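Report on the structure given below.
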Amino acid sequence: MSLPRIAVTTGDPAGIGPEVCLQLLNNPATGEICEPIIFGDACVLEKTANAYGLKPPAKIVESLDNAEGACVLDLGEISADEYETGVINAATGRAGYRYITEAIDAALAGKVDAVTT
């Protein structure tokens, strides 16, 4: 029996979501109950990892078709220099919106079993 594939969005790149997603990816227990696919931008997660001394994502893919196991689906929506943690702006709003719409579309297409954000 395969584990459920869960689309996890990072939410607003300037918020707490990227840190929460890194904690999820780095928790060995996560892989025992589901296959998390982080919908977001790899550069956001890498910037967050560097800022907070966390382990960066081990696996980054550019297509949902290539997503196997715990990984980050890099949507390329925002660059690391377009935002500052804790400061919202239009670019972070657009990015957060795209992450959730892509995750919902994946669920509606049957490519993931659930969505969380």
Side-chain angles (χ1 to χ4, degrees):
M1 182 170 115
S2 62
L3 295 173
R5 290 169 45 110
I6 309 297
V8 181
T9 70
T10 59
D12 188 322
I16 193 170
E19 183 181 352
V20 172
C21 287
L22 287 169
Q23 297 288 352
L24 176 79
L25 286 174
N26 292 321
N27 184 339
T30 301
E32 296 174 11
I33 59 172
C34 70
E35 186 177 302
I37 303 167
I38 308 299
F39 281 60
D41 285 303
C43 69
V44 170
L45 293 164
E46 290 165 349
K47 181 177 177 178
T48 301
N50 289 335
Y52 296 102
L54 300 169
K55 184 178 169 189
K59 184 175 182 184
I60 300 167
V61 298
E62 293 184 11
S63 166
L64 192 52
D65 294 332
N66 298 331
E68 290 184 21
C71 64
V72 174
L73 176 60
D74 185 11
L75 296 175
E77 187 62 30
I78 194 168
S79 65
D81 61 348
E82 288 183 87
Y83 76 97
E84 179 182 341
T85 301
V87 179
I88 59 172
N89 65 35
T92 63
R94 278 190 302 274
Y97 178 78
R98 174 139 184 251
Y99 304 156
I100 191 68
T101 58
E102 291 285 336
I104 291 168
D105 289 347
L108 291 172
K111 294 182 178 184
V112 297
D113 299 304
V115 175
T116 186
T117 185

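Bear in mind that the values here come from a model prediction, so they are computed numbers and not experimental data.
In this structure, T101 has no side chain to side chain donor-acceptor pair (under 3.5 Å) partners at least two apart in sequence or on a different chain. Partners of T30 under the side chain to side chain contact (heavy atoms under 4.5 Å, CB included) rule, at least two apart in sequence or in another chain, are L24, N27, C34, P36. By the side chain to side chain contact (heavy atoms under 4.5 Å, CB included) test, N66 pairs with V61, S63, sequence neighbours left out. Judged as a side chain to side chain donor-acceptor pair (under 3.5 Å), and not counting sequence neighbours, the contacts of R5 are E35.
Legend: salt bridge (charged side-chain N to carboxylate O under 4.0 Å, His left out) pairs involving residues 49-65, not counting sequence neighbours: none detected. Applying the side chain to side chain donor-acceptor pair (under 3.5 Å) definition to pairs two or more places apart or across chains, those involving residues 70-83 are E77-R98, S79-D81, S79-E82. Listed by first and then second residue, the salt bridge (charged side-chain N to carboxylate O under 4.0 Å, His left out) pairs that reach into residues 40-51 come to none, sequence neighbours excluded. Among residues at least two apart or in separate chains, side chain to side chain donor-acceptor pair (under 3.5 Å) pairs with a member in residues 103-117 are T9-T117.
Under the 4.5 Å side-chain heavy-atom criterion for ILVMFWY residues, no single connected hydrophobic cluster contains both V8 and V112. With hydrophobic clusters built from ILVMFWY side chains whose heavy atoms lie under 4.5 angstrom apart, I33 does not share a cluster with I6.
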Given Y99 and I38, is the side chain to side chain contact (heavy atoms under 4.5 Å, CB included) satisfied, shown in steps?
CA-CA 9 Å; Y99 304 156; I38 308 299; over 6 Å; no
Show your working on side chain to side chain contact (heavy atoms under 4.5 Å, CB included) between L25 and V72 and close with a plain yes or no.
CA-CA 9 Å; L25 286 174; V72 174; 3.9 Å; yes
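Between C21 and the choices L45, T48, N26, the side chain to side chain contact (heavy atoms under 4.5 Å, CB included) rule is met once, by L45.
Nearest heavy atoms, P57 versus L22: CD-CD2, 3.9 Å.
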Can you list, pair by pair, the side-chain donor-acceptor contacts under 3.5 Å of residues 11-20, counting residues two or more places apart and other chains?
| residue | atom | partner | partner atom | Å |
| --- | --- | --- | --- | --- |
| D12 | OD1 | A14 | N | 2.7 |
| D12 | OD1 | T92 | OG1 | 3.4 |

